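Okay, structure first, notes after.
Just so it is clear, the structure is predicted and the values come from calculations on it, not from any experiment.
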Amino acid sequence: MRFHYKDQPEGEMFCSKCGTQNVDGAQSCVSCGTFLSASGGNGPTVSGYPGIHDIPNHLVWSILATLLCCLPFGIVAIIKSVSVDKFKSLGDAAGAKRAANEAKNWVIASVVSCVVIVVLYILFVVIIGVAASNS
């Protein structure tokens with residue numbers, strides 16, 4: 001017997017694509033492999049994790065950090081940012097949060113390293129300028 005996911009009894013999970021009954025809490029359908037959704041308080045969620053779509057990926061900040069600050073750290077931040085969406089599509093909220101925090105930390109590292117380099121450069125120019133004016 002096939003049920004549409006909106007007609008499913010409480011605690012049972014049915015695939016919205018093929019109608020196959022799956023184990024409660026399953027992330028994907030055993031028959032067709034479709035990612036399963038469950039209804040939460042705020043509407044549909046991936047694999048029953050409320051708020052998984054609210055986890056930021058920090059991709060814009062990663063790109064800006066790459067272009068305007070430190071290229072190597074920015075590239076790592078972009079890679080981590082992209083992996084956030086991968087974890088979210090798999091329904092792995094913990095992995096998505098971990099990747100989001102790592103992306104944010106790499107963005108911060110990129111900005112801080114850029115500020116440190118600029119301050120050191122300014123100090124170097126001032127010291128060289130003072131030394132040149134005294135000779």
Checklist entry - Distance from D92 atom CG to S83 atom OG, nearest 0.5 Å? => result 10.5 Å
Checklist entry - Which heavy-atom pair separates V107 from A77 by the least distance, and what is that distance? => result CG2-CB, 3.8 Å
Next on the checklist: Measuring from atom CZ of F87 to atom CD1 of I52, what distance do you get when rounded to the nearest 0.5 angstrom?
Outcome noted: 10.5 Å
Checklist entry - Is there a donor-acceptor pair under 3.5 Å between the side chain of K88 and the backbone N or O of I55? => result yes
Checklist entry - So if you build clusters from Ile, Leu, Val, Met, Phe, Trp, Tyr with side-chain heavy-atom gaps below 4.5 Å, do V118 and V112 land together? => result no
Checklist entry - Less than 4.5 Å apart, any side-chain heavy atom of L59 and any of I78? => result yes
Checklist entry - Considering all heavy atoms of both residues, which atom of S110 and which atom of C70 are nearest to each other, and what is their separation? => result OG-N, 3.1 Å
Next on the checklist: Side-chain heavy atoms nearer than 4.5 Å, only ILVMFWY residues, links allowed to pass through others: does that put W106 and V82 together?
Outcome noted: no
Next on the checklist: When you group the ILVMFWY residues by side-chain heavy-atom contacts below 4.5 Å and let the links chain together, are I128 and I117 in the same group?
Outcome noted: no
Checklist entry - Got a donor-acceptor contact below 3.5 angstrom from the S62 side chain to the H58 backbone? => result yes
Item to check | Main-chain N/O of N57 paired with S81 side-chain donor or acceptor, under 3.5 Å | outcome: yes
Checklist entry - Could you state the interatomic distance from CG (L90) to CG (D85), rounded to the nearest 0.5 Å? => result 11.0 Å
